[in-house]
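What follows is one structure encoded as structure tokens, with my remarks underneath.
No hydrogens, no waters, no symmetry mates; every other heavy atom, side chains included, goes into these values.
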Amino acid sequence: MSRQPLIDLEHISKSFDGEMVLDDLNLTIHENEFLTLLGPSGCGKTTTLRILGGFVTPDQGKVIFDGKDITNLAPNKRNLNTVFQKYALFPHMNVAENIAFGLKISGKTDAYIRDKISYALKLVNLEGYEKRNPMSLSGGQQQRIAIARAIVNEPKVLLLDEPLGALDLKLRQEMQYELVRLKNELGITFVYVTHDQEEALTMSDTVVVMNQGYIQQMGTPEDIYNEPENAFVADFIGDSNIIDGIMIQDKLVEILGVRFVCVDTGFGTNQPVDVVIRPEDLILGAPGRGVLDGVVTNLIFKGVHYEMEVMANGYEWLVQSTVARQPGEKVSLFVDPFNIQIMNKPASDDEKAVDPDEYE
Amino acid sequence: MNTNKRKLLTGPYLVWAVGFIILPLLMILYYGLTNDSGSFTLDNLLAIADPIHAKALWESVLIALGSTLISLVIAYPLAYILSNMGGNKSGTIIMLFMLPMWINFLLRIMALQMILANTGILNAILGFFGIGPLHIMYSKTAILIGMVYEYLPFMILPIYNVMCKIDRNVIDAARDLGADTKTVFMHVIMPLSLPGVLSGIIMVFIPGISEFVIADILGGSKVLLIGNVIDQEFSLTNNWHLGSGLSIVLMIFIFISMAIMNKYDKSGEGQMIW
């Protein structure tokens, strides 16, 4: 995907009350990209979004938008619009007046505004809602109005701050498809903030995993899921078995006293590493047929699959399978060498060891 | 606790309400609608047309409107600034406005008399700069100052409360959509603070229109308000019928003003006052 860079965040740092929220953050956002900032609360993702929107001025660093430095530009002068977490609709205006707010300020004609309102309402599947009071609408409908209100201004970038956080699961999944469809129809850049890894993986072109003010990893959803760079990313994206291991030599790692064949090279010899094995990559078999033997200790039905805990070599392995094994049953565990992820141990607990330049 | 026992808990209040609200109202209605011989008459109500009474009512309306307006002009910007300040700082300033209310109302008005008198503190300070002396006491100006002083907190609080409740995200959203500071204020903050303004107006205007103690102390006998007239009918002339009749007229007047206000108060913030 060759896309033109649109926004450059250069060496952004920000602290609140002496607490560092962002530390030397570098990030390039491209045209037409659906980029998701993903991380736990307090990781700096919302601050990053508010810096883009102009509501927070960074202590250090520059925001370059379309070649221009907008670091100190007021929010109302920026060619991007925000969809807020709690929708933030104007309670004293009806739906049409809410959507028209930005257009009236920019001095558009009544006819133009009328056309835009009906176009936007059609886009978000809420035709005929013009005269409704936004406070009388459901959360999902309010969110659609908030999106309509933002996109009628034809921003180059739409910023979305956990917009689906307040919706129930079913609606959230529907809205995920809608957002992707909207983004493709409008052909603009979406910068999306969420702590929900499933949301991030479903919708994004690029996922930026953040923790404690640093970018941990940046890449396509497949990259992030299949090739986590460190234990934090592996743990945050989906369920994982993360185990201490020692890299004996290239393509051979020792975990819990057992040697596993893997595909990773270049870690040196006898190097302590983190090993990640996804629960769906562990294959259960008859005792003695796999790499490890163990006993099932727990079984939960999850709908799509069963989730089991298997005690083997002193570690409780999380295993997902469509076949149920009863607690107490003796099983073996097997894992394809390709599905063993080897990661360097982080330099510190903060996982700040990731160099953002790697992704350029 | 079952419902019957719970109902018992309202007993003390019911006794209070009957003794101090319902009975007095019925008595005012009875006296207002009868004459000395006890027969029905509307004369006591129509007495408002008497030039002295009509003038007093008119003066009351003007002074109540004036003090409401001045309070609003002082309170609104203050409430706006306070609501934008951090919690602790604004709390302290609000506290400063509340503090005088802990002191007896009469004492405060009498203190004001000392300040405003011809040989009072204000004129002493002004005289030091070669200004004055100003003859403020026993005039409408003195009453106005007293009423604004007395009722200002009742204007500040509801406006401040409503402004604090305005969702900061809504203001951010307006800026995000291109609104500059002036547009944000005119199209978002002002309309959203209107319920507080209406509450404030009601809380200053209603007591203001029937005010007579401040007028007595700071206005002397120079200014006669409808409250003074009613007071005198009860306490000096001992004409309870006329006093009650004029009270009913005043009440009707207040009801009409409230009805007008409520028409504009869509959100119902002001309705909790009565």
Side-chain angles (χ1 to χ4, degrees), chain A residues 17 46 49-50 52-56 73-94 97-108 113 116 120 133-135 142-143 145-155 157-163 166, chain B residues 72 76 79-80 83-91 158-202 261-272:
Chain A
D17 299 325
T46 298
L49 197 77
R50 288 180 69 79
L52 284 171
F55 300 109
V56 171
L73 204 63
N76 51 320
K77 306 254 194 269
R78 297 188 179 202
N79 192 9
L80 29 79
N81 287 111
T82 309
V83 176
F84 291 85
Q85 190 169 7
K86 298 261 171 63
Y87 327 133
L89 296 173
F90 304 122
H92 57 299
M93 301 180 190
N94 66 26
E97 287 164 343
N98 261 282
I99 298 174
F101 191 85
L103 298 172
K104 277 188 188 149
I105 286 168
S106 54
K108 297 287 191 292
I113 293 175
K116 269 288 183 186
N133 176 348
M135 296 304 122
Q142 287 190 43
Q143 192 53 273
I145 301 298
I147 293 168
R149 182 178 68 173
I151 59 177
V152 287
N153 304 293
E154 300 178 354
V157 180
L158 192 64
L159 309 174
L160 301 108
D161 185 7
E162 306 214 18
Chain B
L72 184 60
Y76 194 87
Y80 177 53
S83 69
N84 280 327
M85 274 164 55
N88 270 342
K89 252 197 250 166
S90 64
I159 300 178
Y160 172 75
N161 280 338
V162 163
M163 281 194 174
C164 285
K165 272 194 266 170
I166 296 177
D167 184 359
R168 298 291 116 174
N169 280 327
V170 169
I171 294 168
D172 278 353
R175 288 166 69 206
D176 186 77
L177 292 166
D180 54 23
T181 313
K182 190 180 146 222
T183 315
V184 170
F185 182 79
M186 294 303 289
H187 292 278
V188 179
I189 296 173
M190 228 209 351
L192 287 179
S193 65
L194 223 49
V197 172
L198 288 172
S199 301
I201 290 176
I202 289 168
M261 293 295 286
N262 274 333
K263 230 185 103 164
Y264 291 99
D265 186 6
K266 287 175 208 147
S267 68
E269 277 271 341
Q271 278 164 3
M272 51 191 202

Side chain, backbone, both or neither: which part of A:Ser106 has an atom under 4.5 Å from a heavy atom of chain B?
neither
Which heavy atom of A:Leu158 sits nearest to which heavy atom of A:Val83, and what is that distance?
CD1-CG2, 4.1 Å
Where on A:Arg149 is there a heavy atom nearer than 4.5 Å to chain B: the side chain, the backbone, both, or neither?
both
Using only atom types and a distance under 3.5 Å, with no angle test, would you say the side chain of B:Arg175 pairs donor to acceptor with the backbone of B:Val184?
no
Most chain A-contacting option - heavy-atom pairs closer than 4.5 Å, from B:Val170, B:Asp180, B:Asp167, B:Thr183
B:Val170
When the 4.5 angstrom heavy-atom criterion is applied to A:Leu103 and chain B, the contacting part is neither
Has A:Gln142 got a side-chain atom pairing as donor or acceptor with A:Leu89's backbone, closer than 3.5 angstrom?
no
Specify the closest pair of heavy atoms between A:Phe90 and A:Asn98, including all atoms of both residues, with the distance to one decimal.
N-OD1, 2.8 Å
Polar contact flag, side-chain donor to acceptor under 3.5 angstrom, B:Ser90-B:Tyr160
yes
Residue part contacting chain B, namely of A:Asn153, when any heavy atom lies under 4.5 Å
side chain
When heavy-atom pairs shorter than 4.5 Å are enumerated against chain B, which of A:Gly53, A:Gly102, A:Pro75, A:Ala74 gives the highest number?
A:Pro75
